[in-house]
Amino acid sequence: MITFEHVSKTYPDGTTAVRSINLNIQQGEFFVIIGPSGSGKTTVLKMINRLIPLTDGSVYINQKNINDYDIHELRWQIGYVLQQIALFPHMTIEENIAIVPELKKWPRKKTKHRVEELLKMVGLNPEDYLHRKPAELSGGQQQRIGVIRALAANPNIVLMDEPFSALDPITREKLQDDIKQIQKSIQKTTVFVTHDMQEALKLADRICLMKDGEIVQVGTPEEIVNQP
Ligand code: ADP
Ligand code: ADP
């Protein structure tokens, strides 16, 4: 579903972050990119939704070059979750989650129903949370909202960049369970970046190991663990 062909990225300052990589991410799979800090993981993610341009090679989504998509058409089919929680502080939880559905001009009723459904999915009672502001939620709860906001308008692809790394270990484990569960039920193609092997092994259908801008290995958790 997402294909990288000989993709390279050199930033304007001359740093080469990604060196001629090839990748084939399957429809519906939970694909985890792991590697040390600076290995190029975030750069790979940002190229998928055209946050940064490629220096060389091509990226395809459903066999169509990402450059041939209208930028909004591309972004609207991709949900994006960042490490730093980026909820709008002056908007309620409901308004935060409804951003993309409203951009897409969903009917109000459908949006409301979807927001409530998503809150329930991550164990938050809609009545208690719809009208709160982000600051009234714990870090873990805010991150849950960040995750469901990215899923709100049913994107075909979800990109997650170390979404749980700022959380305490217990909250983190809980959210890992939630996201695995959600991904299993909605079957959306998910590309998840982390530097934590435990997390990768727990979540992934397949793991991609990166080092110095190159792909070292791609395989199932079993293959990664059992490799000599
Ligand atoms: P990771 O996500 O694995 O930590 P990144 O993709 O963020 O790696 O970074 C890969 C390399 O590219 C690093 O050397 C980093 O310093 C560099 N880099 C990232 N963003 C920029 C930028 N905007 N300008 C210059 N160099 C960058
Ligand atoms: P631009 O101002 O470059 O045209 P947009 O207005 O499309 O960008 O998007 C602004 C920001 O919101 C970008 O960082 C983009 O990645 C993000 N974004 C856009 N659509 C979505 C979406 N469906 N899910 C998550 N993030 C999105």
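Remember, it's 1-based here, ligands and their atoms both numbered in the order they're listed. Given the structure is predicted, the values throughout are model-derived calculations rather than measurements.
Close contacts between ligand 1 and T15 involve ligand atoms 12 (O), 14 (O), 17 (C), 26 (N) [criterion: under 4.0 Å to a heavy atom]. Proximity to A17 (heavy-atom distance under 4.0 Å) selects the following atoms of ligand 1: 10 (C), 11 (C), 12 (O). Interface atoms of ligand 1 facing S39, defined by a heavy-atom separation under 4.0 Å, are 1 (P), 3 (O), 8 (O).
Regarding atom 4 (O) of ligand 1, its nearest protein heavy-atom neighbour is G38 N, 2.7 Å. Closest protein heavy atom to atom 8 (O) of ligand 1: G40 N, 3.1 Å. The protein heavy atom nearest to atom 3 (O) of ligand 1 is K41 NZ, 2.8 Å. Looking only at protein heavy atoms, the nearest one to atom 9 (O) of ligand 1 is T43 OG1, 4.0 Å. Among protein heavy atoms, the minimum distance from atom 19 (C) of ligand 1 is reached at Y11 CE1, 3.4 Å.
Nearest heavy-atom pair, N49 versus I71, reported as atom, atom and distance to 0.1 Å: O-CD1, 4.4 Å. Nearest heavy atom pair, residue N154 against residue R114, reads OD1-NH2, 3.1 Å. Taking both residues in full, the closest heavy atoms of K41 and P36 are given as NZ-O, 3.0 Å, listed atom of the first, atom of the second, then distance.
Checking atom 15 (C) of ligand 1 against the protein gives no heavy-atom contact under 4.0 Å. For atom 6 (O) of ligand 1, the protein comes within 4.0 Å by at least one heavy atom.
For the residue pair D13/T15, the side-chain donor-acceptor check at 3.5 Å is satisfied. Side-chain N/O atoms of T16 and T10 include a donor and acceptor closer than 3.5 Å.
By the 4.0 Å heavy-atom criterion, G35 is excluded from the residues contacting ligand 1. Under the 4.0 angstrom criterion for non-hydrogen atoms, P36 is in contact with ligand 1.
Counting heavy atoms of neighbouring residues, nucleotides and ligands inside a 6.0 Å radius, atom NZ of K184 does not exceed 12 of them. In this structure, E73 places its CD atom where more than 12 heavy-atom neighbours from other residues, nucleotides or ligands lie under 6.0 Å away.
Here T42 has heavy atoms under 4.0 Å from ligand 1 in both its backbone and its side chain.
Under the 4.5 Å side-chain criterion, counting only non-hydrogen atoms from C-beta, Q183 is not in contact with F192.
Applying the ring-ring contact (aromatic ring centres under 6.0 Å, His included) test to pairs two or more places apart or on separate chains, none has a residue in residues 7-27.
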